[in-house]
*Asks:* 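I have a structure here, written as structure tokens, and I will follow up with some questions on it.
Residue numbers start from 1 in every chain, and the chains themselves are labelled A, B, ... in the order their sequence lines are given, proteins ahead of strands. Quick note: numbers below take in every heavy atom, side chains included, and nothing from hydrogens, waters or symmetry partners.
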Amino acid sequence: MNSYETLNEQQKLGVFTTEGPVLILAGAGSGKTRVLTHRVAYLIEEKGVAPYHIMAITFTNKAAGEMRERINAMVGMGAESIWVSTFHSSCVRMLRRFADRLGYDTSFAIYDADDSKTLMKDICKRLEIDTKVYKEKSFLNAISAAKNELISPEEFALQAAGDFNKTRQAQVYREYQARLKANNAMDFDDLIMKTVELLKFDTEVRTFYQEKFQYIMVDEYQDTNTAQFELVRLLASGRENLCVVGDDDQSIYKFRGANIYNILNFEKYFPNATVIKLEQNYRSTENILNAANGVIANNTGRKEKRLWTEAPAGDKIFYQQFDSAYEEADYIARDIAAKVRRGEYTYGDCAILYRTNGQSRLLEEKLIMSGIPYKIVGGVNFYARREVKDLLSYMKVVDNAQDDLAVQRIINVPKRGIGATSIGRAADYAYANGMNLFEALERAQEIPSLGRAVSKITPFVDLIHHFREVCANRGLACLLQEIIDATGYVEELKAENTEEARGRIDNIDELLSKVVSYEQEAEEPTLSGFLEEVALVADIDSLDEDGSYVVLMTLHSAKGLEFANVYLSGMEDGLFPSYMSIVSDHSDEEIEEERRLCYVGITRAREHLALTGARMRMMRGETQYHGISRFVREIPQELIAGSTWEPKPKDSFAGAGSSGYQKMSSMKSTPLAAQTYQAKNFGTKIQKDTLVYGEGDRVRHVKFGEGTVVQINDGGRDFEVTVEFDQAGRKKMFASFAKLEKI
DNA sequence: TTAAGTTAAGTTTTT
DNA sequence: CTTAACTTAA
């Protein structure tokens with residue numbers, strides 16, 4: 001028996017309103033997971049609903065795992081038959097059972113982004129598309145967007161009629177889908193779209209799941225896309241016991257197809273919906289909350305709500321702009337070290353958040369230098385590492401020989417003397433005869449063009465057959481060990497004897513232990529099951545929030561987490577909000593999305609929040625100059641401590657050229673006062689027409705004195721100016737640094 | 001024909 | 001600074 005008395009009135013409403021559609025607008029830190037878990041317990045204990053009839057959907061495995069844990073603790077017996085899982089794994093579970101009705105084998109492979117790209121490259125080659133003009137990425141983006149909107153290749157082609165570019169995309173989409181099917185594979189988007197297809201067109205399956213899932217709950221609803229909405233709608237139609245929990249202010253995945261109207265228009269789809277707002281925040285201090293409120297208030301078209309708290313005002317928000325990203329990172333590392341030394345926080349209390357993964361390197365260096373333990377979330381996924389992908393590909397081929405991509409990846413790894421030409425010939429033969437690559441390899445003798453290469457291919461085919469036997473007779477861990485031994489993969493790395501190779505061996509060991517633990521923990525371990533688990537994990541899933549290390553991650557990864565002491569680094573216009581969003585055609589909308597991201601970042605902090613920025617930072621090998629992020633200015637100034645953003649003499653170089661940038665950003669939502677300031681002090685790069693001197697002119701430099709300009713080179717972002725100084729001699733310098741005056 | 005070495009180009013956010 | 005494409009040597 002659980003006590004529901006610890007819940008506030010709004011939360012209780014969310015728990016007790018079990019029938020019909022319910023929309024819970026849950027602000028950051030308002031205890032939505034508590035509501036969901038109590039709701040499940042209430043359904044089972046008070047309403048007598050069988051656990052078998054309950055489904056809870058989340059976006060990440062981590063969220064699913066946490067919810068599962070809390071439900072298990074509350075419900076006890078029978079809890080394991082509740083479906084608590086992500087959109088993707090729920091879909092896989094349904095597809096593994098019924099995919100044959102869509103013409104797929106139920107042991108289909110799941111392609112990650114890397115696999116999709118490899119396949120797309122191959123398609124572009126076959127269709128003779130110049131990937132210098134039409135990027136693989138742009139095709140994949142178009143296809144993904146279509147799938148998120150449930151647009152089939154046929155429909156896409158119809159809509160594309162008359163448009164040359166879109167017709168080409170349609171052709172690629174069709175081919176891509178055909179190849180996936182031939183490989184018996186689905187990409188991430190297919191998992192959702194194919195499940196929707198299944199439910200839509202197979203009445204038997206639809207009825208089965210509608211009967212099964214009588215109570216459905218969806219977490220992070222603001223991030224659902226059209227396909228996911230349709231999936232939920234199909235499952236819930238009939239009883240309509242659908243409870244969605246979300247916060248439109250935390251919708252940050254539009255770029256991935258999230259449809260914010262799913263939440264904004266929920267009441268239109270379900271006119272009889274009960275709407276509940278959770279506005280009391282139990283996480284942050286009042287100052288942090290007010291800062292977040294101040295920022296998000298600049299967005300239009302949101303559901304009106306204002307978070308409040310009973311917590312004390314707490315520390316002010318620290319803000320400081322540094323001269324360089326180097327100093328910024330240095331400050332953060334020192335500050336963490338100092339706070340830990342004083343006993344205010346542990347390493348595990350601290351998180352450093354940033355907009356782009358690229359910012360982590362500098363921070364990482366500083367943390368290492370200061371001897372601070374840390375963990376980076378994101379960047380290169382464990383399962384995306386070369387050695388791990390190689391070995392997984394062997395397992396994939398053993399599991400599903402139709403997977404041409406996996407075959408191609410390993411056929412010459414380690415080197416067997418089967419080169420691109422031989423593979424190409426086998427692939428052509430397979431393509432011409434409508435078979436899979438591996439089938440073609442099995443009949444290598446029958447392919448005349450292969451010639452002597454046959455003698456190298458046959459042992460490879462035999463090897464795979466051997467692995468298949470091992471898998472069937474001795475299990476997964478033995479299979480992987482046998483793959484490692486028979487291919488000599490680790491042997492080869494050992495021989496390299498480099499730091500890098502040792503790292504790779506460590507990763508392989510980790511993979512091995514993951515296989516072992518999967519085999520022990522899974523109820524019914526299968527090769528497909530393992531590969532599926534591996535395909536659907538995100539880096540964030542492995543994060544232990546109680547760890548004794550500082551966590552570094554992107555703002556996107558941080559959603560749903562909380563830390564006592566948070567650093568938002570890189571608060572610079574052009575970085576956050578990103579340059580892309582500022583110059584976009586739909587700038588207003590994109591800036592709003594960035595602003596929501598900022599809101600997410602601020603509300604991760606429980607007690608202490610520091611915002612930092614740098615005037616100058618190296619990005620992809622070039623020095624960039626940024627002004628202060630507009631989001632910093634949107635925080636009520638009385639909440640801010642540390643240096644304020646009054647212009648300082650040091651800022652002068654930033655004033656040089658702002659014209660180009662200014663025009664591009666329409667700052668409708670920025671307060672007037674801030675706008676005037678921005679106009680004055682908003683430098684990014686020096687424009688050509690801002691150079692007041694030319695070659696041959698006499699100039700004066702602060703340190704070097706007077707001289708003559710010899711040469712000006714356009715260095716892309718900046719100008720490289722060569723000056724022959726009267727005293728100091730010939731110097732090369734960047735225009736933005738030199739601050740040369742014409743005489 | 002393969003494999004290693006060199007050069008060039010490209011980087012928002014990700015289940 | 002990394003990854004992919006190209007070149008050249010074996």
*Asks:* Using a heavy-atom cut-off of under 4.0 Å over every strand shown, decide if A/Arg425 touches base, sugar-phosphate, or nothing.
*Replies:* sugar-phosphate
*Asks:* Is the closest side-chain donor-acceptor distance between A/Tyr579 and A/Asp573 under 3.5 Å?
*Replies:* no
*Asks:* Using a heavy-atom cut-off of under 4.0 Å over every strand shown, decide if A/Phe59 touches base, sugar-phosphate, or nothing.
*Replies:* sugar-phosphate
*Asks:* Report which part of the nucleic acid A/Asn412 touches: base, sugar-phosphate, or nothing (heavy-atom distance under 4.0 Å, all strands).
*Replies:*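 Since only primed, P, OP1 and OP2 atoms lie under 4.0 Å of A/Asn412, the category is sugar-phosphate.
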*Asks:* Pick the closest DNA chain B nucleotide for A/Glu594 and for A/Ile423 by heavy atoms, then say which residue is nearer the 5' end.
*Replies:* A/Ile423
*Asks:* Using a 4.0 Å heavy-atom cut-off, does A/Ser581 contact any base of the nucleic acid, only the sugar-phosphate backbone, or nothing at all?
*Replies:* nothing
*Asks:* Any side-chain N or O of A/Ser144 less than 4.0 Å from the OP1 or OP2 oxygen of B/dT15?
*Replies:*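 Answer no for this pair, as no side-chain N or O of A/Ser144 is under 4.0 Å from OP1 or OP2.
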*Asks:* What is the distance from OH of A/Tyr579 to P of B/dG10, rounded to the nearest Å?
*Replies:* 17 Å
*Asks:* Determine: side-chain N/O of A/Ser557 to OP1/OP2 of B/dT14, distance under 4.0 Å, yes or no.
*Replies:* yes
*Asks:* For A/Phe59 and A/His88, what are the C-alpha separation, side-chain angles and deciding distance, and is it a ring-ring contact (aromatic ring centres under 6.0 Å, His included)?
*Replies:* CA-CA 8 Å; A/Phe59 270 85; A/His88 291 87; 7.9 Å; no
*Asks:* Within a 6.0 Å radius of atom CD on A/Glu69, are there more than 12 heavy atoms belonging to other residues, nucleotides or ligands?
*Replies:* no
*Asks:* In whole angstroms, how far is the P atom of B/dT13 from the CZ atom of A/Arg595?
*Replies:* 21 Å
*Asks:* Can you name the one residue among A/Ile591, A/Ile296, A/Asp247 that meets side chain to side chain contact (heavy atoms under 4.5 Å, CB included) with A/Arg596?
*Replies:*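 Looking at A/Ile591, A/Ile296, A/Asp247, the match for A/Arg596 under the side chain to side chain contact (heavy atoms under 4.5 Å, CB included) is A/Ile296.
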*Asks:* So which nucleotide from B/dT15, B/dT1, B/dT12 ends up closest to the side chain of A/Thr421?
*Replies:* B/dT1
*Asks:* Separation of A/Gln228 atom CD from B/dT14 atom C1', in whole Å?
*Replies:*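 Roughly 12 Å, once rounded to whole Å.
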*Asks:* Between A/Tyr176 and A/Ser116, is any side-chain donor less than 3.5 angstrom from a side-chain acceptor?
*Replies:* yes
*Asks:* Check whether any side-chain nitrogen or oxygen of A/Asn357 sits under 4.0 Å from OP1 or OP2 of B/dT14, and answer yes or no.
*Replies:* yes
*Asks:* Taking the six-membered ring where the residue is Trp, are the ring centres of A/Tyr253 and A/Phe255 under 6.0 Å apart?
*Replies:* yes
*Asks:* What is the separation between atom CD1 on A/Ile252 and atom P on B/dT15, rounded to the nearest whole Å?
*Replies:*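 Whole-Å distance recorded here is 11 Å.
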*Asks:* Can you say whether a donor on the side chain of A/His88 sits under 3.5 Å from an acceptor on the base of B/dT15, or the other way round?
*Replies:*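 Such a pair is found, so the answer is yes.
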*Asks:* Between B/dT14, B/dT1, B/dT12, which nucleotide has the shortest distance from any of its atoms to the side chain of A/Met580?
*Replies:* B/dT12
*Asks:* State which of B/dT14, B/dT12, B/dT1 makes the closest approach to the side chain of A/Thr356.
*Replies:* B/dT12
*Asks:* Have a look at A/Leu555 and say if it touches a base, only the backbone sugar-phosphate, or nothing, with a 4.0 Å heavy-atom cut-off.
*Replies:*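 If one applies the 4.0 Å heavy-atom cut-off, A/Leu555 turns out to touch nothing in the nucleic acid.
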*Asks:* For A/Lys137 and C/dT3, give me the distance from atom NZ to atom C1', rounded to whole Å.
*Replies:*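 Taking atom C1' of C/dT3 as the reference, NZ of A/Lys137 is at 13 Å.
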*Asks:* Would you mind telling me which of C/dC1, B/dT13, C/dA5 lies closest to the side-chain atoms of A/Lys121?
*Replies:* C/dA5
*Asks:* Which dot-bracket string describes DNA chain C (Watson-Crick N1-N3 plus N6-O4 or O6-N4, or G-U N1-O2 and O6-N3, all under 3.5 Å; [ ] crossing; | other strand)?
*Replies:* ||||||||||
*Asks:* Consider only side-chain N and O atoms of A/Asp223 and A/Gln250, and report whether a donor and an acceptor are under 3.5 Å apart.
*Replies:* no
*Asks:* What is the distance, to the nearest angstrom, from the CD atom on A/Glu220 to the P atom on B/dT13?
*Replies:*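 Answer to the nearest Å: 20 Å.
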*Asks:* If you draw a 6.0 Å radius around OH in A/Tyr326, do more than 12 non-hydrogen atoms from other residues or ligands fall strictly inside?
*Replies:* no
*Asks:* As a test of reading the structure: which of B/dT14, B/dA4, B/dT13 is closest to the side chain of A/Arg355, going by heavy atoms?
*Replies:*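 Nearest to the side chain of A/Arg355 among the choices is B/dT13.
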*Asks:* Nearest whole angstrom, please: distance from the C1' of B/dT13 to the CG of A/Leu140.
*Replies:*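 To the nearest whole Å, that distance equals 17 Å.
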*Asks:* Give one of base, sugar-phosphate or nothing for A/Gly358, where a contact means two heavy atoms less than 4.0 Å apart.
*Replies:*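 No contact.
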*Asks:* Touch check for A/Thr554, heavy atoms < 4.0 angstrom, all strands: base, sugar-phosphate only, or nothing?
*Replies:* sugar-phosphate
*Asks:* Measure from NZ on A/Lys147 to C1' on B/dT15 and round the result to the nearest Å.
*Replies:*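 For the pair A/Lys147 NZ and B/dT15 C1', the rounded distance is 14 Å.
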*Asks:* Which class fits the ring pair A/Phe213 and A/Tyr209: parallel under 30°, tilted 30 to 60°, perpendicular over 60°?
*Replies:* parallel
*Asks:* With nearest nucleotide decided by heavy atoms, which residue, A/Lys456 or A/Phe188, maps closer to the 5′ end of DNA chain B?
*Replies:* A/Lys456
*Asks:* Mark this stacking check for A/Tyr253 against B/dT13 as yes or no, applying ring centres under 5.5 Å and ring planes under 30°.
*Replies:*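 No, A/Tyr253 does not stack on the base of B/dT13.
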